[in-house]
Engineer: 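First, the structure itself, so that you have it in front of you.
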Amino acid sequence: MSEYQPQETEKKWQDFWQKNGLFKAVDFGAKPKFYCLDMFPYPSGAGLHVGHPKGYTATDVICRYKRMKGFNVLHPMGWDAFGLPAENYAIKTKIHPDKSTHQNIERFREQIKSLGFSYDWQREVDTSSPQYYKWTQWFFLFLYKNGLAYKAKAPVNWCPKCQTVLANEQAQGGKCDRCSSEVAQKELEQWFFKITDFCEELLDGLDKIDWPEPIKAMQKNWIGRSEGYEIAFALKPGSGSQGFGVKVFTTRIDTIFGCTYLVVAPEHKIVSELESQISNIKQVEDYVEAARKKTELERQAQTKEKTGVRLEGITAINPANGKEIPIFVADYVLAGYGTGAIMAVPAHDLRDFEFAKKYGLPCPKVILPPELDSVLTNPMDAAMGKKDVVRLEAECWEGEGFLANSERFDGMKSEDAREEIGQWLGQKGLAEKQVNYKLRDWLVSRQRYWGAPIPVIYCDKCGQVPVPESDLPVLLPDDVDFMPSGESPLAKSKKFQDVKCPVCGTLARRENDTMDTFVCSSWYFFRYTDPMNKKEFAQRKLIDYWCPVDWYVGGAEHAVLHLLYARFFTKALFRAGLIGFDEPFMKLRNVGLVLAEGGEKMSKSKGNVINPDDVVKEYGADTLRCYEMFMGPFEQAIAWDTKGVKGVHKFLRRIYELKTKVKDKKSKMENREMEKLLHKTVKKVSEDIEQMKFNTAISSLMILLNAMEKEEDIALNVLEKFFLILSPFAPHLAEELWSELGNKGSVCSQDWPQYDENLVEDEKINFVVQINGKARGMIEAPRNSEEKEISEMAQNNVKISGWLSGREIKKVIFVKNKLINFVI
RNA sequence: GCCCGGGUGGUGGAAUGGUUUACACGCAGCACUUAAAAUGCUGUGAGCUUUGCUCAUGUGGGUUCGACUCCCACCCCGGGCACCA
C-alpha cells in the first residue's frame, strides 16, 4: 500500500490542469457566466502570507463548484504592482522598483500556483506594466474630458515621512495609511477626481448590492449625507459691512431661537474681507495663523479644550428673533464642511455648550425634552439618574423635544418646527433647504516615482494640455534618482521632461506627479475581461458579457478605499454611457484574518509568521487549503493552530487510504444507510459552499469518511461521488484518487452530483419526549407518525410512564418529526 | 461618546425556537512496540447520594409547553467612526 505523499503528486495535477486548459474562461460562452474575483495582491517582498490563501481557497472552492454545476467561470489573478514599498526599497538598496517588483511577482505567482488554484492565468494583469497603465492613464483622460478630473489649490494632507500628499481616505484619523505618521496640512495645487459628483449614486447604490452590512455602514458614514438648511445671518449694519452676511449650515433649524452667537472656521473669508471692521484684527490673525500650523490631529482632538477669538467690532443678527449676536472664529468649526460657519446653540449642542461655558455666553433653552413632564412629576426617575435627567442637569439637551422661548413656534415638536421655521425663513429668502456630504474629492496626485504618470503637459502658451490618447502610455523614465525630496522624482529625469506641447509644438514640460495606486485598482476587474486589448481598456461586448463581478472576496480594510473608488469609476463609465451597469461588485464577502498561534497578528518583528511554503512542503497544498477552510467561520479572525493542520492532514490521508476498501470495482450501492448519508452529505456540502460555510462542509465530509471507514466494502459509485464533492477543497487528492479508480479525464470536468431529497430525509425519526419542556427520553418511530401514535408509544414507555404516573396530563405539544411534550 | 460584530467544554467551533456541545484539536486509558514516535480503539461539559438526577451557552429579568436562539437592562471582548453643526 502506497502512502499519501501529496508533495509528489500535486505538481503533476497542476501541470495537467494547465496543459488541458481546464480553467480557461470562454468569452461569450453559452453556459451561464460566473465572474468570481479575489482582491489582487500587492506583491510585497515578504512573499505570500497565509492570509492570502484563505481568501483564494474560498473563491477557488466556489469556482470549482460552479464549473461542475455548469457555469462558464471567470476566475482571474493579477498584481497590484505599483506602490510605495517598492520605491522605499529602491531608496534603501538602489535596486530599481521595476526589478524588485518583478522578482516579487515571480515569487508570488509561483507560491500561488503551488496551491492549485483554478485561475485562468492567460488573463493575468500587472498594473505596473505599460500595457496596463496606458489604460490607467486613459481613465485619467476620460475623467478629465468629462469634467471629473481637475487641478486645484486646496488644503491637503501631507505625509512628512512618505513625502507625498494623500487622499482623505488614506489619512483617516490624521494618520498616514501607509506609515502611521501624523499628517500635516498643506496648501498645494493638486489633481483631484470629482467623486463628490456621485454622492447620491454612491449612497443609493448600496441598497441594491449584497455586501456585508458593516461595510455598507462604513461607506454610508464616510459619504455622510445630512439634510438641513443653509441660513443667511446678516451683519448688523455698520460702516463697510453692508450686504455682507454669514451663511451657516444646520440640521437643527428648530433650535434657531437659541442661537446666541456664530462661529466661523479660521479659514473663513470673513476675516480677510472685513479686516478693517474687526477692531482686534491682530489677535484674530494670530489665532488663525496658529490654527493653520496645527496638524489635522491636533485640531481634531475632541478632548482638548475648545478655543476661539471674538471678532470685535462686528455682530450678526439672528434672523429668527432679530437679536444682535457676537461672531467668533474657532477651530472647532471645520472649513471644509458646509459653509465653514455655524450658528451656535449652546443649550442644544454639546460642542457649542462647552464653548459657551468657557467664554461665558448665554445659553437659553428652546427645546424641552419630551420626558420633562414625567421628570417633574416623578422624582423617583430623577433619583435613579435617568439619562435624560442627566442631560437636563447638564443644561444641554441634544435630542428632540418641544419648542419653548421660540415665539409663535412654542409647543411645537422639533420635527414639525424644522419644517415650519424653514418655510417661514425661506419665504423671507433667508433660508434654503440643503443637503451636505462629508465626502471630499479624491486627491490622486502623488509626489512619488513608482506609479502611473499623470498624462498632462504644461505649455507656456497653451496652458494645461492633456496628453493625446494616441501618445499613451506616458512611460515612466528609468533614469531617476529615487531619493525623496518632496518633489516628484520624475522632475529630475531629463528624458521624461523633454516634451513638446501637443497643441503648438513648442517646448513644454510634463506633469511630474504620478497617480495614487488606488487608481490602478479602480478598474482592474474590467481589464480581466479583455486583458490583451490594445485599442480599448476592454471591449464593450466583453464587459457586457462578464460584468458585473458576481462574487468578490477580500479583506475588510478596503471599505472606504478601493471599494469606494471602484464604485466611483463604474458610475462614471455608466454615466458616460460606456457600460450598462453602475455597480461593479454584486456580492461581496470579507475574509477573516489568519492570526498567529497565540491569537496576535502575525508580524515579522514578533517572529510568529507562518510561511505557506513551509506548510505546503510539509503537508501539501490540499492540507493548507482544507485547513484554512476548516479552521472556523470564513469571515471570522482565527488563530493558526499547527495541531489543527496535522488533524486535517490526517483526514486527507485517511481518505487516500479508503481506496483499499473498494473490493469490487463493479459494485453498486447496496448499503441503504450509506447511500442516504452520501446524499445528505452532497446536500450539505452544496448548500454550505453557496453560503461560504466551508468549515461545516468539511465536517460533513469527515462524518461521511468516518462512516465509510467502518465499512468492510465500499461501493465504487459512493466513493466516486465522495471524491467529486471533495474536489473543490482538495482538488489534487481528488484527481489522484479519481484516476486511481480507473477514470479518465479530470474531476473538474465532471458534473456536480445530484442528491435525492427523499434519500436525505430519514425514514425513522428519534422523537424527543419532553415532560414540561425537559427532555426525558426518546422513542424511535416512522417518519410522519401522527401525534396519537407517538403519544401512545411515549406513555407506554417505562421511563416516560414513570414520570407521568399519578399526574394529569394538562396539555400535549406535538411537533411533527421532532418531539412530543407533555405538560403536567 | 456613537455605530457594527461577538461572548457556548481545556481549545477552534456546531446548533437560529425543540436531546446544548456536531466535526476537529487536546487530554486520559488501552492495543501494537524492547521503547518511543506513528497508527488504531475507547472515553472525555461540570457536579452529585451515579440503572439515575441536578446544573451549565457573559450577568440579571421577561415572553413561551419549551430559549444559545426572541424581547428588555447591564457587563466584558473585538472592529469601525469620531468637533461633519
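Letters A, B, ... mirror the listed sequences (proteins, then strands); counts begin at 1.
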Engineer: Considering heavy-atom distances to RNA chain B, does A:R653 or A:R440 have its closest nucleotide positioned more toward the 5' end?
Structural biologist: A:R653

Engineer: Using the P atom as the point on both nucleotides, what is the distance between B:U54 and B:G58, in whole Å?
Structural biologist: 22 Å

Engineer: Given that both distances must come in under 3.5 Å, which nucleotide forms a Watson-Crick or G-U wobble pair with B:G66?
Structural biologist: none

Engineer: Starting the side chain at C-beta, find the nucleotide from B:A24, B:A85, B:A22 nearest to A:Y337.
Structural biologist: B:A85

Engineer: P atom, B:U8 versus B:G43: distance in rounded Å?
Structural biologist: 27 Å

Engineer: Output the rounded distance in Å from CD1 (A:I779) to P (B:G18).
Structural biologist: 19 Å

Engineer: Within the structure shown, what part of the strands sits under 4.0 Å from A:M218 by heavy-atom distance: base, sugar-phosphate, or nothing?
Structural biologist: sugar-phosphate

Engineer: If you compare every side-chain N and O of A:N706 against the phosphate oxygens of B:A24 (OP1, OP2), does one of them come in below 4.0 Å?
Structural biologist: yes

Engineer: Give a yes-or-no answer on whether the side chains of A:Y332 and A:E354 include a donor-acceptor pair shorter than 3.5 Å.
Structural biologist: no

Engineer: Counting only side-chain heavy atoms from C-beta out, which of B:U19, B:G13, B:C25 sits nearest to A:D641?
Structural biologist: B:C25

Engineer: Phosphate oxygens OP1/OP2 of B:C65: is one of them under 4.0 Å from a side-chain N or O of A:R776?
Structural biologist: no

Engineer: Any base atoms under 4.0 Å from A:V768, or only sugar-phosphate, or nothing? Heavy atoms, all strands.
Structural biologist: base

Engineer: From the list B:G26, B:A85, B:A22, which nucleotide is the closest neighbour of the side chain of A:I703?
Structural biologist: B:A22

Engineer: Ignoring hydrogens and angles, state whether a donor on the side chain of A:T196 or A:D441 is under 3.5 Å from an acceptor on the partner side chain.
Structural biologist: yes

Engineer: Ignoring hydrogens and angles, tell me if any N or O in the side chain of A:T339 forms a donor-acceptor pair with the backbone of A:K247 under 3.5 Å.
Structural biologist: yes

Engineer: Between B:A14, B:G18, B:A82, which nucleotide gets closest to the side-chain atoms of A:V815?
Structural biologist: B:G18

Engineer: Mind checking if A:K438 touches a base, just sugar-phosphate, or nothing, with heavy atoms under 4.0 Å?
Structural biologist: base

Engineer: Would you indicate what A:G647 reaches in the nucleic acid, counting non-hydrogen atoms under 4.0 angstrom: base, sugar-phosphate, or nothing?
Structural biologist: sugar-phosphate

Engineer: Is B:G9 syn or anti, taking syn as a glycosidic angle within 90° of 0?
Structural biologist: syn

Engineer: Quick one: look up who B:C48 pairs with, Watson-Crick or G-U, both distances under 3.5 Å, and put none if it's unpaired.
Structural biologist: B:G52

Engineer: How is A:K216 classified with respect to the nucleic acid when contacts are heavy atoms under 4.0 Å: base, sugar-phosphate, or nothing?
Structural biologist: nothing

Engineer: Rounded to whole angstrom units, what separation is found between the CD atom of A:E597 and the P atom of B:C25?
Structural biologist: 15 Å

Engineer: Choosing from B:G18, B:G80, B:A14, which nucleotide comes nearest the side chain of A:K818?
Structural biologist: B:G18

Engineer: Side-chain donor-acceptor pair under 3.5 Å between A:Y337 and A:S226, yes or no?
Structural biologist: yes

Engineer: For the residue pair A:S791 and A:Q795, confirm or rule out a side-chain donor-acceptor distance under 3.5 Å.
Structural biologist: yes

Engineer: So what does A:W640 hit on the nucleic acid, given a heavy-atom distance under 4.0 Å: a base, only sugar-phosphate, or nothing?
Structural biologist: nothing

Engineer: Quantified in whole Å, what is the C1' atom distance between nucleotide B:U42 and nucleotide B:C32?
Structural biologist: 15 Å

Engineer: Side chain of A:F630, heavy atoms from C-beta onward: which of B:A85, B:C65, B:A24 has the nearest atom to it?
Structural biologist: B:A24

Engineer: With side chains defined as the heavy atoms from C-beta onward, is the minimum distance between A:T681 and A:I725 less than 4.5 Å?
Structural biologist: yes

Engineer: Determine whether a donor-acceptor pair (one donor, one acceptor, N or O, separation below 3.5 Å) exists between the side chain of A:K810 and the base of B:C65.
Structural biologist: no

Engineer: Should B:U42 form a Watson-Crick or G-U wobble pair with both distances under 3.5 Å, which nucleotide is its partner?
Structural biologist: B:A28

Engineer: Quick one: A:I215 CD1 to B:C4 P, roughly how many Å, whole number?
Structural biologist: 15 Å

Engineer: Only pairs with both distances under 3.5 Å count, Watson-Crick or wobble alike; so what is the partner of B:G5 in this structure?
Structural biologist: B:C77

Engineer: Applying a 4.0 Å non-hydrogen cut-off, can you work out what A:N695 is touching in the nucleic acid: base, sugar-phosphate, or nothing?
Structural biologist: sugar-phosphate

Engineer: According to a strict under-4.0 Å criterion, is A:K650 in side-chain N/O contact with OP1 or OP2 of B:C25?
Structural biologist: yes

Engineer: With respect to the side chain of A:S699, which nucleotide from B:G18, B:A22, B:U19 is positioned closest?
Structural biologist: B:A22

Engineer: What contact category does A:Q636 fall into here, base, sugar-phosphate, or nothing, at under 4.0 angstrom with non-hydrogen atoms?
Structural biologist: sugar-phosphate

Engineer: In terms of side-chain heavy atoms, does A:E597 have a donor or acceptor partner in A:T642 at a distance below 3.5 Å?
Structural biologist: yes

Engineer: Using the P atom on both, measure B:G7 against B:G13 and round to a whole Å.
Structural biologist: 9 Å

Engineer: Which value, in whole Å, describes the distance between the P atoms of nucleotides B:G78 and B:C25?
Structural biologist: 30 Å

Engineer: Mind calculating the distance between CD (A:Q691) and P (B:A14) to the nearest angstrom?
Structural biologist: 13 Å

Engineer: Starting at atom OH of A:Y4, determine the distance to atom P of B:U39, rounded to an integer number of angstrom.
Structural biologist: 14 Å

Engineer: From the set B:C65, B:A15, B:U54, return the single nucleotide nearest to any side-chain atom of A:N821.
Structural biologist: B:C65

Engineer: Between A:S226 and B:A85, is there a side-chain N or O to OP1/OP2 distance below 4.0 Å?
Structural biologist: yes

Engineer: With both distances kept under 3.5 Å, what pairs with B:G12, Watson-Crick or G-U wobble?
Structural biologist: B:C23

Engineer: Between A:Y656 and A:K659, is there a cation-pi geometry (under 6.0 Å to ring centre, at most 45° from the normal)?
Structural biologist: yes

Engineer: Atom CD of A:E557 to atom C1' of B:C4: distance rounded to whole Å?
Structural biologist: 17 Å

Engineer: Side chain of A:K774: nearest nucleotide among B:C23, B:G40, B:C55?
Structural biologist: B:C55

Engineer: Roughly, in whole Å, what's the span from CD1 in A:I638 to C1' in B:C23?
Structural biologist: 14 Å

Engineer: Please report the distance separating the P of B:C41 from the corresponding atom of B:U57, rounded so that it comes out in whole Å.
Structural biologist: 34 Å

Engineer: Go through the N and O atoms of the side chain of A:Q770 and the base of B:G18, and report whether any donor-acceptor pair is under 3.5 Å.
Structural biologist: yes

Engineer: Whether the side chain of A:R776 engages the backbone of A:G773 through a donor-acceptor N/O pair (distance < 3.5 Å, no angle test) should be reported.
Structural biologist: no

Engineer: Can you figure out which of B:C23, B:C83, B:C65 approaches the side chain of A:K811 most closely?
Structural biologist: B:C65

Engineer: Identify the nucleotide, in any strand shown, that forms a Watson-Crick or G-U wobble pair with B:A36, with both distances under 3.5 Å; if there is none, say none.
Structural biologist: none

Engineer: Between the main-chain N or O of A:D352 and the side-chain N or O of A:Y261, is there a donor-acceptor pair closer than 3.5 Å?
Structural biologist: yes

Engineer: To the nearest angstrom, how far is A:L677 atom CG from B:A22 atom C1'?
Structural biologist: 13 Å

Engineer: When the nearest nucleotide of RNA chain B is assigned to A:V333 and to A:W222 on a heavy-atom basis, which residue is associated with the more 5' position?
Structural biologist: A:W222

Engineer: With P as the reference atom in both, quote the distance from B:A36 to B:C27 in angstrom, rounded to an integer.
Structural biologist: 16 Å

Engineer: Using atom C1' of each nucleotide, how far apart are B:A24 and B:G9 to the nearest Å?
Structural biologist: 14 Å

